[in-house]
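Report on one structure; see the data block that follows.
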Number of protein chains: 2
Amino acid sequence: MSKTDKRDEIINAALELIAEHGFHGTSMAMIADRAKVGAGTIYRYFDSKDVLIIELFKVVEAKLHATLDVTSESEHSIQDRFLHLGKSMLKYLIDNPTHYKYLEQFFNSPYGVEQRRIKLLGEKGKENAILRIFTDGVEQGEMKDLPVVALCALSFGPIMTMARDHILGFFTLDDELITQTIDSCWSGIKK
Amino acid sequence: MSKTDKRDEIINAALELIAEHGFHGTSMAMIADRAKVGAGTIYRYFDSKDVLIIELFKVVEAKLHATLDVTSESEHSIQDRFLHLGKSMLKYLIDNPTHYKYLEQFFNSPYGVEQRRIKLLGEKGKENAILRIFTDGVEQGEMKDLPVVALCALSFGPIMTMARDHILGFFTLDDELITQTIDSCWSGIKK
DNA sequence: CATTTCGGAGTGAATGTTCATTCCGCCAGT
DNA sequence: ACTGGCGGAATGAACATTCACTCCGAAATG
């Protein structure tokens, strides 16, 4: 087993367990067991449980961003860009329930709130392609004239809730229902 | 201090602490301290931490239901009933941030998922005035023809997200923004 | 090529801390 | 003086983290 294999085993084990039992419901011993490594081994790769938790978020975020293809500005209408983003995000979440549940845990924790604040209020000079859709949408008068953060909340809120209820088995999100969901989100924010 | 006073102190202390630190981040000792009560005293009123957590949910739920006046069926249009419900719910949540945060914690926990399943799939013969708005809405052709559970997710999702972001200070939900939020929810589910 | 030395990855029992829960002595009200 | 509610030290379990050790492959030595 190569070095990265072991790290990956730990990451996957931690992701599954935290998705199921939450941060505090998951002990390092449980993670070590499922990853089939010694308890001490985890600390060769991650300085502490906190570091591991934040590292897991980065892994999930990277995978999500890699999957989301945010259609480039010039070629499509705001509406198309939004629908495309929403659908690919919702599909990703229901295809990766473990990741969805991890994100849910994370964003409702002190770690996550800080991350959200940074992401949303966009501290970095880094361009955020997702936020851009909303700023463009407002500028071009295609979306309601609300704070961008509010538009995010209004559109991602239902996406997250629908993903959750699908994962919990309250209903099944087939292709048609996915389309209807994202259309509904668009109706909620379009001018 | 009367008997119920002490119980109330414990409930309030637990609510505040759990809202801030989560279930597992809140120890019984912390609750006892904030309630200005001995650690053992909590166990005179609640058999265990689990029982306390569930009891807290019942308290919050009761207060929320008491505040929500679900306008009676015959006198108003579906749209009015929905707007009324949405606004009073959102107002309640931002007026009681502690309760909002508690509910968020609770619903994302194993306890809460079970509760939601029962509430949503309506096991009890008990009439659920909230669900009724949606079943009526679909029947009368005023809402999209989706599963009632999906309509709930689509409309409460953004309400919860908006409440959260307001409480986190990402923006301020004034009366106008509240109205716009609920209007937006309605646009998302109306036919 | 054979043998020894070395270093770092991996381990899991040991450690010290924190937690939920218990239990016993105290005291206020009768 | 009796009693039931109360406080908080005591208890044992569970936890995150550490550390002395093993193991193995590779480099150094002959």
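Values below: every heavy atom of this structure, side chains too, minus hydrogens, waters and symmetry copies. Residue numbers start from 1 in every chain, and the chains themselves are labelled A, B, ... in the order their sequence lines are given, proteins ahead of strands. Please read all numbers here as calculations on a predicted model, not as lab measurements.
When each of G40(A) and G38(B) is assigned the nucleotide of DNA chain D with its nearest heavy atom, G38(B) is the one assigned upstream, toward the 5' end. When each of R44(B) and S48(B) is assigned the nucleotide of DNA chain C bearing its nearest heavy atom, the one mapping closer to the 5' terminus is S48(B).
No option in F156(B), F57(B), Y102(B) other than F57(B) meets the ring-ring contact (aromatic ring centres under 6.0 Å, His included) test with F107(B).
Close to dT11(C), at under 4.0 Å from its OP1 or OP2, lies a side-chain N or O of T41(A).
Rounded to whole Å, atom P of dG5(D) lies 19 Å from atom OH of Y43(B). Taking atom NZ on K36(A) and atom P on dG10(C), their separation rounds to 16 Å, with Å as the unit. As a whole-Å value, the separation of M28(B) CE from dA10(D) P is 20 Å. What separates CD of E9(A) from P of dG10(C) is a distance of 12 Å, to the nearest Å. One interatomic measurement links the two molecules: CG of D33(B) to P of dA20(C), which rounds to 12 Å at whole-angstrom precision. Going from atom CD1 of I10(B) over to atom P of dT21(C) covers 14 Å, rounded to whole Å. Taking atom NZ of K49(A) as the reference point, atom P of dT18(D) lies 14 Å away to the nearest angstrom. Whole-Å rounding puts the Y45(A) OH to dT17(D) P distance at 18 Å.
Side-chain polar atoms of N108(B) and R164(A) form a donor-acceptor pair below 3.5 angstrom.
Comparing dC6(D), dA20(C), dC15(D) against the side chain of S27(B) picks out dA20(C) as the nearest.
For R34(B) and E16(B), the salt-bridge test passes: some basic side-chain N is under 4.0 Å from an acidic carboxylate O.
Within a 6.0 Å radius of CG in D145(A), other residues, nucleotides and ligands contribute 12 heavy atoms or fewer.
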